[in-house]
**Student:** 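After the structure tokens below, expect a handful of questions from me.
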Amino acid sequence: MKKYSIVIFYLMVILLNSCTISSNKEKVQESQQKVNVYTHRHYAPDKELFEQFEKEQNIKVNVINASADELILKMENEGSQSPADVLITVDAGRLQRAKEKDLLQSINSDLLKSNIPDHLRDVDGHWFGLTKRSRVIVYSKDRVTKDQLSTYEALTDDQWLGKILIRSSGNIYNQSLMASMIANLGEEAAAQWAAGILKNMARPPKGSDRDQMKAVAAGVGDLAIVNTYYVGKLLNSPDSLERKVGQQMGIFFPNQEGRGTHINVSGAGVAKYAPNKANAIKFIEFLSSAAAQEIFSSSNFEYPVNTNVKISPLLQSWGTFKEDKLSLSTLGVLNKSAVLLFDQVGWK
Amino acid sequence: MSSSFYHNAKIDKKWSIITILIVLLFGIPLLTILLKLFSGPGESWQHIKEYLLLDYLFNSLFLMVACSAFTLTLGVIPAWLVSAYSFPFRKLLQWLLILPLAFPNYLTAYAYAGLFDYSGIYEQMMFKIFGLNRISHVDVMGIWGLAWVMSFSLYPYVYLSARSFFTHQSQIQMNAAKVLGASRFKAFYSIALPLARPAVVGGLLLVVMEVLGDYGSAYYYGVSTYTTAIFRSWFSLEEPETAVYLSAQLCMFILFLIVIERGLRRKKKYQFNSEHTRGLIKNKPKAHLQIIFIIIIMIPILLGFILPLIQMVYWASLTFKVVWSSSLVTTVWSSFYLSMMTALISTFISLFLIYAAKWSRSNVIKRLSSLPILGYSVPGAVIAVGIMIPTLIFDKWLVNITQVYFNWSIEFLINGTLIGLIFAYTVRFLAVAYHPIEASIQKAGIRFDQAAQMMGVQKWKRMLQINIPLNKLGLITGFLLVFVDTMKELPLTLLLKPFGIMTLSVKAFEYASDERIAETAVPALFIIITGLIPIFFLHRMINK
């Protein structure tokens, strides 16, 4: 019996402990301004920025991290009682979906309008792009030269048979790229494009963007379609061999003669039922400010949306490029069609 | 079992009512999901059926069969060797065999991918030692690789249940076999193995559920499984109806497996005359055999634990400076605390449900009591939804009521709180505690319990003084499994965790989803270390 009473004693201590922890937290929250952030971004610089915001504005930043899909689901279920103030995703399509599901509200902020170019934010002010990334072609510098490359469409050419590496169609960056294809070329041509890429794939799609580049380095294929900042991450990896992979990659911005390279944003919107709306607006304005944007671009290898901010030396070394000015909302609207087409051509 | 005995027993209403309450509490999330079977799938069902389903079904079935075969081999053979023979390092090895369990299987998948990719140890070794370049590339990321990785990280389920059975295996039957001239090997496969079936199948069922419910590793390895279809229809095709419909089907399939297993088991009785039970006498084989045994046992340990561990430690050494911060200590504590609570609650509820079923003379109670274990067959994210829908209705109602009648403004009681999270874990992991405990009770029988009952000892007293001590090993196994599983749990935690609480698996996920796989190693190692602490202590308790 003694044993059991010890166990029960410990249990009670643990329980009491948890009670006091939670009540302490409530006290802190009551006395302090706060903003509740649901975010898909979990980069270290984000945390630094949030802390900086806390210090400057004396507003506590509470963060829930999960994928955008899960966060949207959570907000849907919580409805008008949702504690969320701000939703941050890494893809405009998901922001558009949140807007369509009536989870965001329109914000009219002159500061945001002046900080962020038109095509990188929602027309109705439901969401605002904060960082920009482009999906480019990377190639093995040993085996491919720049002049062999031109457009996304040209990758379906037979000369690339068994040479292309790209991840699965479950990935949102591929879905958005496909959505841009549908918007620019129409469904039929987009399906043909996907089938052409599938035909040229070096192996069945799998792994992450980084894995595609490693496979290029390992000689599985010659080209990969990846987001720019992953090249930056490889080049700055703690692992010397990964840095070597990064150094072997050439970056090519496709479709420069035509519509421009496909881009996407990670961005934020204010939740429809935000309990701390004013703080939420301050928070997004802060993230779009020149100072915050500089941290965003330099430490995460993304492009700032605020044009007053200088881009980092690494990004400068990749050169400037013409971007596809397609309204990013379209990516969200066409997302489902993109997935259906992927399935139909058999791109896993 | 002498059910007639129980027909004479007084019906104990209290126990039945509590059982029904527990079943209801656990049943609500599952019912929420199962009811969707009747409301039918969404419109993308046609699309899924046409383009995806066949492929997905094939992959899932393949994985199920392959992993079952692998985990059986990897689990049962070492379990028998450490229970029936004595050789050097036996105690250490039987402990090491559990360790792969401490790895979340998606991290084992990352580790293997890392070992074999361009910057991995294998490729570099090939290059440096043999000068081979590109030709020697091994691609683990495929369906075989996935089956391999999953089997090596899941076999401890089978091992643990088999070992807890073999340890209590009676020497009597073995002696009988010996007298009849059977070799020890023959005695193993014709006596010990068939007798161990309920225990082994219980462990295997956990493996199958885990394999079918896995998403992370399969997605990373580019293998589309049934669960991929769930996530695809949910998030990519924006049709939660179809996703839940698919989950409900998965749930029915597992139910079907359970029913079949029960049906097969019913034909045979597995209870022993336990008065004469003495543990197995451990034979000391010849020296060369001892070495072979050690090698056989080392295989799963090496490939399931040490190899991925080496990769993790290497990664951690590269990234420790970046990842380490004092907040990691708080993270370790909250993971530990959540897992501890979940494991305790699950173990007690399982024990309660099993005995309530045994003691009840109502067939309804008997059937109902094993229903809550279905939670394990549903992918974590879907369970989260099954929990969110009904509890939000309750929470919103509670908020309104207190607002209207008492003019208090309270926050949600279940959603986004620790209570909600632990409840969700328990719904999901009850089966993990239930199976080993059930197998142990099946084995120990209820004769002592019956004797005590005849003497008029109350139920709770019988529980404390007879049944818990008698099934100590099963209870410990169940507790351990739930503890480790909770440490590793991801999708449910992402959806239901409160503000301000961070767990190790969420931390690892953040890095992984950012494609900073090397950085996941630090939280992953903490998951492993934190998981090892209870494994170590409980193991000492067992061996005492």
Side-chain angles (χ1 to χ4, degrees), chain A residues 1 4 11 14 17-18 22 25-26 36 40-44 62-67 69-70 73-74 77-79 81 83 97 167-170 172 175 203-211 214-215 217-220 230 233 237-242 244-245 335-336 339-340 343-344 346 348, chain B residues 44 47-48 51-52 113 117-119 123-124 133-134 137 139 141-142 219-224 228 231-232 234-238 240 315 318-319 322 337 340-341 344 381 385 388-389 392 395-396 399 412 415-418 464 491 494-495 497 499-500 506 509-511 513-518:
Chain A
M1 278 319 285
Y4 296 112
L11 270 181
I14 291 174
N17 209 353
S18 72
S22 56
K25 213 182 296 158
E26 273 155 31
N36 297 327
H40 188 158
R41 283 176 63 102
H42 14 68
Y43 311 125
N62 290 319
V63 178
I64 289 266
N65 264 319
S67 79
D69 291 321
E70 288 161 334
L73 176 81
K74 196 170 158 79
N77 280 330
E78 288 165 345
Q81 312 273 357
R97 183 183 290 181
R167 67 199 289 184
S168 82
S169 65
I172 184 69
Q175 291 170 6
R203 62 173 187 192
K206 57 186 150 194
S208 60
D209 274 9
R210 279 186 186 206
D211 291 323
K214 284 184 175 183
V220 178
Y230 288 119
K233 284 190 176 161
S237 166
D239 187 337
S240 63
L241 288 162
E242 285 200 342
K244 206 173 119 196
V245 173
N335 182 276
K336 191 173 172 177
V339 176
L340 294 176
D343 286 340
Q344 281 166 25
K348 280 187 193 163
Chain B
S44 63
H47 169 83
I48 288 175
Y51 296 105
L52 312 173
D117 74 12
Y118 176 76
S119 54
E123 194 113 330
Q124 292 305 316
N133 198 8
R134 286 171 195 163
H137 185 73
D139 196 357
M141 291 164 82
Y219 178 71
Y220 187 61
Y221 276 31
V223 178
S224 310
T228 321
F231 281 83
R232 199 174 181 90
W234 186 355
F235 294 132
S236 297
L237 300 172
E238 296 179 57
W315 276 337
L318 292 175
T319 57
V322 190
Y337 166 79
M340 205 68 181
M341 292 303 281
L344 274 174
V385 177
M388 255 200 247
I389 295 170
L392 271 163
D395 272 342
K396 284 176 186 166
V399 167
F412 286 171
N415 276 279
T417 66
L418 288 178
L464 283 183
L494 284 179
L495 279 169
K497 92 179 173 62
F499 280 124
V506 172
F509 161 80
E510 285 181 11
Y511 291 117
S513 72
D514 194 16
E515 299 195 10
R516 292 164 76 189
I517 304 292

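Lettering of chains follows the sequences in order, A, B, ..., and the numbering in each one begins at 1.
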**Student:** Is any side-chain N of the basic residue among A:Glu70 and A:Lys74 closer than 4.0 Å to the acidic one's carboxylate O?
**Tutor:**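 No, no charged N to carboxylate O under 4.0 Å.
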**Student:** Where on A:Arg41 is there a heavy atom nearer than 4.5 Å to chain B: the side chain, the backbone, both, or neither?
**Tutor:**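 Looking at A:Arg41, nothing touches chain B.
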**Student:** Give, as side chain, backbone, both or neither, the part of B:Tyr221 having an atom under 4.5 angstrom from any heavy atom of chain A.
**Tutor:**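 Backbone of B:Tyr221 only, per the 4.5 Å heavy-atom cut-off to chain A.
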**Student:** Between A:Lys206 and A:Asp211, does any side-chain N to carboxylate O distance fall below 4.0 Å?
**Tutor:**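 No, no charged N to carboxylate O under 4.0 Å.
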**Student:** Tell me yes or no: between the side chains of A:Ser169 and B:Arg232, is some donor less than 3.5 Å from an acceptor?
**Tutor:**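 Short answer, yes.
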**Student:** Measure distances from A:Gln81 to the heavy atoms of chain B and classify the residue's part below 4.5 Å as side chain, backbone, both or neither.
**Tutor:**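 Both backbone and side chain.
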**Student:** Less than 4.5 Å to any heavy atom of chain A: does that hold for the side chain of B:Leu392, its backbone, both, or neither?
**Tutor:**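 B:Leu392 touches chain A through side-chain heavy atoms alone.
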**Student:** For the pair B:Asp117 and A:Arg210, find out whether any cationic side-chain nitrogen is under 4.0 Å from an anionic carboxylate oxygen.
**Tutor:**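 No, no charged N to carboxylate O under 4.0 Å.
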**Student:** By a 4.5 Å heavy-atom criterion (distance strictly below it), what part of B:Asp395 contacts chain A: side chain, backbone, both, or neither?
**Tutor:**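 When you check distances to chain A, no heavy atom of B:Asp395 falls under 4.5 Å.
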**Student:** With sequence neighbours excluded, tell me which residues meet salt bridge (charged side-chain N to carboxylate O under 4.0 Å, His left out) with A:Asp239.
**Tutor:**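 If we apply the salt bridge (charged side-chain N to carboxylate O under 4.0 Å, His left out) test to A:Asp239, skipping adjacent residues, there are no hits.
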**Student:** Quick check on the interface: out of A:Val63, A:Leu73, A:Asn335, who has the most heavy-atom pairs with chain B under 4.5 Å?
**Tutor:**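 Most heavy-atom pairs within the cutoff with chain B belong to A:Leu73.
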**Student:** So what's closer than 4.5 Å to chain A heavy atoms on B:Met388: side chain, backbone, both or neither?
**Tutor:**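 Just its side chain gets close to chain A.
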**Student:** Check each atom of B:Leu237 against the heavy atoms of chain A and say whether the ones under 4.5 Å are side chain, backbone, both or neither.
**Tutor:**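 Looking at B:Leu237, backbone and side chain both touch chain A.
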**Student:** Can you give me the closest heavy-atom contact between A:Glu78 and A:Pro83, atom names plus distance?
**Tutor:**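 Taking every non-hydrogen atom into account, OE1-CD, 3.5 Å.
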**Student:** Partners of B:Thr319 by side chain to side chain contact (heavy atoms under 4.5 Å, CB included), sequence neighbours excluded?
**Tutor:**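 In terms of side chain to side chain contact (heavy atoms under 4.5 Å, CB included), with neighbours along the sequence ignored, B:Thr319 is linked to A:Pro238, B:Val323, B:Ala518, B:Glu519, B:Val522.
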**Student:** Top residue by heavy-atom pair count (under 4.5 Å) with chain B, among A:Ala215, A:Ser240, A:Gly346, A:Ser208?
**Tutor:**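 Result: the option with the highest number of such pairs is A:Ser208.
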**Student:** With a 4.5 angstrom heavy-atom cut-off, could you sort out which part of A:Pro205 is near chain B: side chain, backbone, both or neither?
**Tutor:**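 Just the backbone, heavy atoms under 4.5 Å.
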